[in-house]
Amino acid sequence: MLDIKLFRDQPDMVKEALNKRSIDSSVVKRVIELDLNRRELLQEVESLKHQKNDQSAKIGEMARKGEDISKIRETMRVVSDSISDGNDKVRSIQEELNDLLLDLPNLPDKSVPYGESEEDNPVKKTWGDVSKMEFPPLSHIELGEKNNMIDFDRGVKIAGNKFVMLRGKGAILARKLQNMMLENAGKRGYTELAVPFIAKRSTLLGSGQLPKFEDDLYKLDGEDSFLIPTGEVPLINTRAGEIIPTSELPIKITAVTSCFRREAGAAGKETRGLIRVHQFEKVELVRLTKPEESWDALEEMLEDAESILKKLKIPYRVITLCTADLTAFTSSKTYDIEVWFPSMNKYVEISSVSNCIDFQARRANIKYRDDNKKLKFVHTLNGSGVAVGRCMASLMENRQRADGSLDLDDIL
RNA sequence: GGAGAGGUGACCGAGUGGUUGAAGGUGCUCGCCUGCUAAGCGAGUGAGUGGUUUAUCCCGCUCCGGGAGUUCGAAUCUCCCCCUCUCCGCCA
């Protein structure tokens, strides 16, 4: 959630920044209008309340002395009524304002490069050798079936389209990869957590998936809870509503979770394979930091995520998402890590590392005390470290031999 | 799922419908005292939001799990919901 003070103090900056994320400036105008409106009304109502408090105290005194209070009571009843009218008005304005604010994405940081489309994402770095193989590479789908590691049909039989079943070495490979990733994160200072895969509405609100993206989530029948679309949801919310002792910062936590996504807008896209599925496993990295440390933390987290790919010797590149492609709702700046897929002759996203600054902390109400003992929102960062299915798919493709077998001895 | 108990400030813990934003204690901060440590003495110490100012100070309003209600007035009374604990049931 954006700070309403930004709208008051720097409306043009907000308009411009949101414009980069294709938000019409009329929304900003409306927010400012509502805020102004609300404050005016608030002052009226509060002065009535002041009157009420004042008089009520007097009535108490009079009653104690045994004086007649019936007349003043009648007067106060009227005041009380107009207070509750005013309250209703303030509340309805507040609600509209809140709904608007909850639907607005974070502002791109100044350092986010301008771009018209995803074509304009600058490449920050590349790593590894992506020279052509001496034979036509098979896709991970073909390799998975050929080596009896991935059973697409049976996954579909059990759960439907875009669900996958792993078998034998496939299942083992996924498990070992998860394990390597968690151990790696542990060595880099992250505390491993085992978290629920179901989250309440308020939890999803805190990390920013709700209210805007409910259609992307699996909702539990008869309950106001959802399957988590990413481990970020439980990890960020571990500290929701808390004042974190400053000595505990920065907090670095990790967990492997299943992630459930309805992929509502992606019907027909990549119907087979491990790239786009309704359920996948991912090791998530999260940090909570002091505001002044979050930008350094972002660079460190990028390295945290990269390190596992280096260990697995998977060629990758890092891109900085430009203003047009910064689609992560909560993010102020995002790096994507993309791994090489020989069969497609291109890089595919495997990790997204973002600094959300105070956007989530404001929603989830996560604070700490700064050097002057003032309460402030922490900054939150999240990154995949990394998606297991996509990692496995890329690994298989990059480790294939001419006969379609795989060179995975160092991992299995 | 059933029965009971309970949810008050960073923490523990009082609280009869009206000077209770909330006693008392712990912790914390500052000062004094003591040859160090410990102890002692004194003062201070919640958050959100609005006005004014903007390093502050000051003045309002709101907040005692969440929501609705009764009342001139609710931490205190009524209803609904959530959560925690204990016992029973069920279960990997």
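Order of the sequence lines fixes the chain letters, A, B, ..., with proteins taken first and strands second; residue numbering starts at 1 for each chain.
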Quick check, are the ring centers of A:Phe226 and A:Tyr218 under 6.0 angstrom apart?
no
In whole Å, what separates the C1' atom of B:rU53 from that of B:rA75?
34 Å
Can you give the first and last nucleotides of RNA chain B, 5' to 3', that have an atom under 4.0 Å from a heavy atom of chain A?
B:rG18 to B:rG73
With sequence neighbours excluded, what pairs up with A:Thr334 under the side-chain hydrogen bond (donor to acceptor under 3.5 Å, both in side chains) test?
A:Ser331, A:Ser354
Test salt bridge (Lys or Arg N to Asp or Glu O under 4.0 Å) applied to A:Asp358 - qualifying residues, sequence neighbours left out:
A:Arg362
Contacts of A:Ser80 and A:His50 projected onto RNA chain B by closest heavy atom; the upstream (5') one is A:His50
If I pick the C1' atom on B:rU8 and the same atom on B:rA92, what distance separates them, to the nearest angstrom?
39 Å
Any base atoms under 4.0 Å from A:Leu375, or only sugar-phosphate, or nothing? Heavy atoms, all strands.
sugar-phosphate
Using a cut-off of 4.0 Å on non-hydrogen atoms, how would the nucleic acid contact of A:Arg362 be classed: base, sugar-phosphate, or nothing?
nothing
Less than 3.5 Å apart, any donor N or O on the side chain of A:Gln360 or A:Glu232 sitting next to an acceptor on the other?
yes
If you measure from the P atom in B:rU71 to the same atom in B:rA22, how many Å do you get, rounded?
28 Å
Which residues within residues 36-46 of chain A lie with some heavy atom under 4.0 Å of an atom in RNA chain B?
A:Arg38, A:Arg39, A:Leu42, A:Gln43, A:Glu46
Distance between the C1' atoms of B:rC85 and B:rG42, in whole angstroms?
41 Å
Heavy-atom nearest nucleotide on RNA chain B taken for A:Ile59 and for A:Lys49; more 5' hit belongs to A:Lys49
Could you check A:Ile244, A:Val378, A:Thr246 and say which one makes a side chain to side chain contact (heavy atoms under 4.5 Å, CB included) with A:Lys290?
A:Thr246
Between the main-chain N or O of A:Ala240 and the side-chain N or O of A:Asn365, is there a donor-acceptor pair closer than 3.5 Å?
no
Going by atom types alone, do A:Glu397 and A:Ser343 pair a side-chain donor with an acceptor below 3.5 Å?
yes
Under a 4.0 Å threshold between the charged nitrogen and the carboxylate oxygen, would A:Arg30 count as salt-bridged to A:Glu96?
yes
Work out how far the P atom of B:rC59 is from that of B:rC72, and round it to whole angstrom.
31 Å
Taking the P atom in each of B:rC57 and B:rA47, what is the distance between them to the nearest angstrom?
11 Å
Between A:Ser405 and A:Arg401, is there a donor-acceptor pair closer than 3.5 Å when you use the side chain of the first and the backbone of the second?
no
Using distance alone, with no hydrogens and no angle criterion, decide if A:Ser111 and A:Lys333 have a side-chain donor and acceptor under 3.5 Å apart.
yes
How would you label the contact of A:Lys200 with the nucleic acid (heavy atoms, under 4.0 Å): base, sugar-phosphate, or nothing?
nothing
With P as the reference atom in both, quote the distance from B:rC12 to B:rC32 in angstrom, rounded to an integer.
34 Å
Secondary-structure notation, RNA chain B, from Watson-Crick and G-U pairs under 3.5 angstrom (| other strand)
((((((((.[[[..)..(.....]]]((((((.......))))))((((((......)))))).[[[[[..)....]]]]])))))))....
If I pick the P atom on B:rC64 and the same atom on B:rG69, what distance separates them, to the nearest angstrom?
15 Å
Under 4.0 Å between a side-chain nitrogen and a carboxylate oxygen: does that hold for A:Arg188 and A:Asp304?
yes
Contact class for A:Arg91 vs. all strands (heavy atom < 4.0 Å): base, sugar-phosphate, or nothing?
sugar-phosphate
Taking only residues two or more places apart in sequence or in another chain, which ones pass side-chain hydrogen bond (donor to acceptor under 3.5 Å, both in side chains) with A:Thr238?
none
Taking any heavy-atom pair under 4.0 Å as a contact, classify A:Lys5: base, sugar-phosphate, or nothing.
nothing
